[in-house]
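For reference, the structure discussed in these notes is given below.
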Amino acid sequence: MNDLSGKHVVLGLSGGIACYKAAEFCRGLTKAGATVQVVMTESATRFITVATMQALSGRPVYTDQWDERQPNHMPHINLGREADAVVVAPASADFMARLAQGRADDLLSLLCLARPIERVPLLLAPAMNREMWAHPATQRNVAQLQADGAVVLGVGAGDQACGETGDGRMLEPEELLYEVQRHFQPKPLQGRHLLVSAGPTFEAIDPVRGLTNLSSGKMGFAIARAAHEAGAEVTLVAGPVGLPTPRGVRRIDVKSALEMQAAVQAAVPQADVFVSAAAVADWRPASAADQKIKKDGSGAVPTLAFVENPDILAGVAASERARNGALYCVGFAAESHDLLAHAQAKRERKGVPLLVGNIGPDTFGRDDNALLLVDAQGSTELPRADKLSLARQLVGEIARRL
Ligand code: C5P
């Protein structure tokens with residue numbers, strides 16, 4: 001997805017083993033459509049070469065404030081002015097200490113200090129040994145940098161290059177890429193809590209068999225990510241799917257419709273928005289066998305009796321919180337034909353203000369989709385696009401209606 005196209009990022013590297021991750025991160029930025037200008041400190045060049053970063057960014061790398069390539073001889077001014085964001089990854093303990101003091105004794109720190117602070121955000125991805133990270137001096141510098149307007153991204157926990165284990169390693173390249181993408185998204189859901197259900201449910205027949213459907217969960221997961229990018233706190237109740245949890249999202253895994261209902265109901269009191277994107281099974285076997293149902297060789301087939309599952313969305317939409325306007329409910333409809341008519345009817349039946357229709361066979365398992373939004377005012381089409389783009393548009397539409 002080219003969601004960083006048109007963005008120009010100055011990628012700064014200070015010294016640390018994590019420089020090896022900056023190569024992959026740089027590639028991720030350019031693949032997402034950004035142009036990248038790499039600036040390295042002298043220590044960073046000890047960990048990864050200028051040649052590598054130049055090849056990956058496709059631009060000459062800057063390392064020196066006395067660089068003569070710029071006609072006005074001021075790379076620290078020019079490079080910062082052109083940028084939509086300056087991202088320092090890795091940001092070493094020493095580099096952050098220097099920034100916190102407003103020092104400017106090399107090109108990268110000079111550039112950070114000289115950047116137009118209102119227009120060019122500074123994102124820092126710390127990377128250091130756990131003792132260095134936990135040290136009061138580092139934490140004091142982090143607090144100071146935040147107070148000065150920098151965005152200090154989190155650190156990862158786990159094995160460190162020094163052989164120790166703990167907090168302080170740099171986020172992974174895909175986590176950094178997500179943080180940059182998130183940074184550029186508008187924040188219409190800041191301060192809100194969005195609850196989303198996603199994926200199929202699995203209704204057990206016996207310990208090894210069950211009934212499920214073809215929902216991949218991709219749309220619901222994309223909505224969870226888009227809502228987090230938009231500033232919301234997000235709870236994702238997921239049926240059985242193999243998708244990674246979007247960064248920053250609280251995930252609760254469930255299997256059956258009854259488990260999904262319990263998890264959703266438990267989260268409803270904190271939620272401002274509920275998006276019911278899960279493909280909940282309409283029926284479940286009346287009773288699941290304790291042991292595997294065996295074939296006895298006689299040709300006899302088991303008979304399954306069904307009971308109806310609760311309608312999770314309709315139940316939430318009828319709750320006190322939804323009726324008094326504290327919770328905004330959004331339903332989904334997967335249809336095979338007559339999308340508008342079915343979506344309108346389903347909106348009424350479920351008692352929700354907004355219903356999102358899509359054509360089931362055109363969305364299940366795919367990375368793209370097309371949506372039809374139906375509310376009391378009428379309908380809006382969101383034309384075919386990748387699910388993350390659609391989720392971002394849908395989140396914007398929901399935020400407008402809150
Ligand atoms: O009635 P239908 O299954 O087509 O409705 C789809 C919408 O209702 C979706 O938003 C889905 O998450 C929700 N639903 C539910 N509980 C059910 C069935 C559907 O919450 N048992």
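In listed order, ligands and their atoms are each counted from 1. Along the sequence shown, the residues carry numbers beginning at 1.
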- prompt: Purely on distance, is any nitrogen or oxygen of Ile312 under 3.5 Å from one on ligand 1?
  reply: yes
task: Run the numbers for me: atoms of ligand 1, each under 4.0 Å from some heavy atom of Ser276, listed by number.
output: 9 (C), 10 (O), 11 (C), 12 (O), 13 (C), 20 (O)
Residue and atom name of the nearest protein heavy atom (relative to atom 11 (C) of ligand 1), distance in Å to one decimal: Ala278 O, 3.3 Å
message: Does Arg69 qualify as a cation-pi partner of Tyr62, given the criterion of NZ or CZ under 6.0 Å from the six-membered ring centre and within 45 degrees of its axis?
response: yes
task: Count the heavy atoms belonging to other residues, nucleotides or ligands that lie under 6.0 Å from CD of Glu175, then report whether that count exceeds 12.
output: yes
- line: Output for pair (Leu236 CG, Phe221 CZ), nearest 0.5 Å, gives 4.5 Å
Minimum heavy-atom distance Leu313-Gly331, with the two atoms named: CD2-CA, 3.4 Å
side-chain contact (heavy atoms from CB on, under 4.5 Å), paired with His193, selected from Val234, Asp272, Leu327: Asp272
message: How far is atom 8 (O) of ligand 1 from the closest protein heavy atom, and which atom is that?
response: Lys350 NZ, 3.0 Å
field: Residue Gly331 vicinity, atoms of ligand 1 by number, heavy atom under 4.0 Å
entry: 10 (O)
message: Any donor-acceptor pair under 3.5 Å linking the side-chain atoms of Glu229 with those of Tyr178?
response: no
field: Polar proximity ligand 1 side, Val330 side, N/O cut 3.5 Å exclusive
entry: no
query: For residues Ser92 and Asp94, is any side-chain donor paired with an opposing acceptor at under 3.5 Å?
result: no
message: Judged on heavy-atom distance to atom 4 (O) of ligand 1, which of Lys346, His342, Arg284 sits nearest?
response: Lys346
message: If we only consider heavy atoms of Met260, is any one of them less than 4.0 Å away from an atom in ligand 1?
response: no
- line: of all protein heavy atoms, closest to atom 3 (O) of ligand 1 is Asp282 OD1, 4.0 Å
- request: For Leu313, counting its heavy atoms only, list the atoms of ligand 1 lying under 4.0 Å from any of them.
  value: 8 (O), 10 (O), 13 (C), 15 (C), 20 (O)
- prompt: Which ligand 1 atoms does Pro310 reach within 4.0 Å, using its non-hydrogen atoms?
  reply: 16 (N), 17 (C), 21 (N)
Numbering as shown, the atoms of ligand 1 that approach Phe332 to under 4.0 Å (heavy-atom distance): 5 (O), 6 (C), 7 (C), 9 (C), 10 (O)
- request: Looking only at protein heavy atoms, identify the closest one to atom 18 (C) of ligand 1 and say how far it is in Å.
  value: Val280 CB, 3.7 Å
query: Any luck finding a side-chain donor-acceptor pair between Gln144 and Asp148 under 3.5 Å?
result: yes
- request: For atom CG of Asn324, decide whether the heavy atoms of other residues, nucleotides or ligands shown that lie under 6.0 angstrom number more than 12.
  value: yes
- prompt: Quick one: do the Arg225 and Gln181 side chains pair a donor with an acceptor below 3.5 Å?
  reply: yes
message: Below 3.5 Å, N or O to N or O, backbone or side chain included: is there any such pair between Ala333 and ligand 1?
response: no
N/O separation below 3.5 Å, Arg349 to ligand 1: no
